[in-house]
Number of protein chains: 2
Amino acid sequence: MSNTRFATALHILTLLADAKGEWLSSDWIAGSINIHPVIVRKELGVLNDAGLVLSRKGKEGGFTLAVGSEDITMDAIYLAIKNSNVLGKKNNQPNPKCPIGKDINEKLDVLFTGIDNSVVRELSGKTLADFVSEFH
Amino acid sequence: MSNTRFATALHILTLLADAKGEWLSSDWIAGSINIHPVIVRKELGVLNDAGLVLSRKGKEGGFTLAVGSEDITMDAIYLAIKNSNVLGKKNNQPNPKCPIGKDINEKLDVLFTGIDNSVVRELSGKTLADFVSEFH
DNA sequence: TTAAGTGTAATAATTTTTGTTACATTAATG
DNA sequence: CATTAATGTAACAAAAATTATTACACTTAA
């Protein structure tokens, strides 16, 4: 992954966990990460769809965690934002006339999925609460 | 990773393993993957630096494996081409005045490195020979 | 000496990612 | 009930990363 989506999502969730029930605005969060508030709202939309946060519109609106930080594991965050395989992309049109090229993408699929799953398994062993507790 | 470097490198190495000592040209390899020969030569340069292949210049030149495919583990291929963390990039300038923003990047570093290592560990359990044997 | 390769720099094109603007909508509050 | 401060989201712009292409110096076999 050469994007900042996991780092951004985890930063957001860490702030929300640290806020202990306070509703934080996208502007405030953006100020901590130092990115554009619209990006924060977009990512919060994704986290909302994943059931990790709640949002409230209008004045005094904002965001808060949907569940306790002990109940949010890192794999849930990762799966919410994941948009590619750990080992990257496959080449588009390997040569169908080549015995290797013909079948390589299905073999890569198996390998890529296995590695993706191992990352998810690894991430499932750590909670947001664990991460937040490292800040003191 | 949103690039095709691992897929390309593994495709190259699979062809070389399958060729059993024949020297293959970058043009021929490019034809199987269906990408530009210059990209193949660049990637082969990287694999050469990593000690995985041998190259020969001039007429009748080309590439071959430097060691047997049973002795090439997937982690060696991955480490040769890896240029980012599995969990992506960190945000550049988190706010130093925020208690979370101040320290988040060093905490992310630890998490990111741990996940990277787990992927390498996972990949170390599979050889190029294992992969090639899936094609029949 | 020619033909067929590698090695690599420079640059262009494409795709992905991030940032920005604009504005409709929502809700609290004086 | 008007004002203020939020979210939600589309459309677009800018920047960064990735891939493709061109060009050519160099190498080696025959």
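This structure is a prediction, so every number in the text was calculated from the model and none was measured. To find a chain, count down the sequence lines: A is the first, B the second, and so on, and within it residues start at 1.
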Practice problem: Determine whether more than 12 heavy atoms belonging to other residues, nucleotides or ligands lie under 6.0 Å from atom CD of B:Glu134. | Solution: yes
Quiz prompt | Spacing of A:Asn91 atom CG relative to D:dT19 atom P, expressed in whole Å | solution = 8 Å
Quiz item: Just how far, in rounded Å, is C1' of D:dA20 from CZ of B:Arg5?
Solution: 15 Å
Practice problem: Output the rest of the hydrophobic cluster of B:Leu54: all Ile, Leu, Val, Met, Phe, Trp and Tyr residues reachable through side-chain heavy-atom contacts under 4.5 Å, sorted by chain and number. | Solution: B:Trp23
Practice problem: In whole angstrom, give the distance that lies between atom CH2 of B:Trp28 and atom P of C:dG5. | Solution: 13 Å
Quiz item: Whole-Å distance between C:dT6 P and B:Leu47 CG?
Solution: 14 Å
Between side-chain atoms of residues 111-118 of chain B and protein atoms elsewhere (two or more places apart, or another chain), which donor-acceptor pairs fall under 3.5 Å?
residue: B:Thr113; atom: OG1; partner: B:Asp109; partner atom: O; Å: 2.8
residue: B:Asp116; atom: OD1; partner: B:Val86; partner atom: N; Å: 2.9
residue: B:Asp116; atom: OD2; partner: B:Lys82; partner atom: NZ; Å: 2.8
residue: B:Asp116; atom: OD2; partner: B:Asn85; partner atom: ND2; Å: 2.5
residue: B:Asn117; atom: ND2; partner: B:Thr113; partner atom: O; Å: 3.4
residue: B:Ser118; atom: OG; partner: B:Ile115; partner atom: O; Å: 2.9

Self-check item: Any B:Ser2 side-chain nitrogen or oxygen under 4.0 Å from OP1 or OP2 of D:dA17
Solution: no
Exercise. For A:Ile35 and D:dA15, give me the distance from atom CD1 to atom P, rounded to whole Å.
Key: 17 Å
Quiz item: Does CD belonging to B:Glu22 count more than 12 external heavy atoms closer than 6.0 Å?
Solution: no
Self-check item: Below 4.0 Å: OP1/OP2 of C:dT17 and any side-chain N or O of A:Thr4
Solution: no
Quiz prompt | For A:Thr127, all residues meeting side-chain hydrogen bond (donor to acceptor under 3.5 Å, both in side chains), sequence neighbours excluded | solution = A:Asp130
Quiz item: Sequence neighbours excluded, which residues qualify as salt bridge (charged side-chain N to carboxylate O under 4.0 Å, His left out) partners of A:Lys102?
Solution: none
Polar-atom pairs under 3.5 Å, protein N or O versus N or O of nucleotides 6-10 of chain D: list them with distances, or write none.
residue: D:dT7; atom: OP1; partner: A:Ser26; partner atom: N; Å: 2.8
residue: D:dT7; atom: OP2; partner: A:Ser26; partner atom: OG; Å: 2.7
residue: D:dG8; atom: OP1; partner: A:Ser55; partner atom: OG; Å: 2.8
residue: D:dG8; atom: N7; partner: A:Arg41; partner atom: NE; Å: 3.1
residue: D:dG8; atom: O6; partner: A:Arg41; partner atom: NH2; Å: 3.2

Practice problem: Rounded off to whole Å, could you give me the CD1-to-P distance for the B:Ile81 and D:dT18 pair? | Solution: 10 Å
Quiz item: Just to confirm, is there a sub-4.0 Å distance from OP1 or OP2 of C:dT17 to any side-chain nitrogen or oxygen of A:Asn83?
Solution: yes
Quiz prompt | Protein-nucleotide distance (B:Lys90, atom NZ; C:dT18, atom P), rounded to Å | solution = 14 Å
Exercise. Would you kindly give the NE2-to-C1' distance between B:His36 and C:dG7, to the nearest whole Å?
Key: 14 Å
Practice problem: Using the test side-chain hydrogen bond (donor to acceptor under 3.5 Å, both in side chains), find all partners of A:Lys89 that sit at least two apart in sequence or belong to another chain. | Solution: none
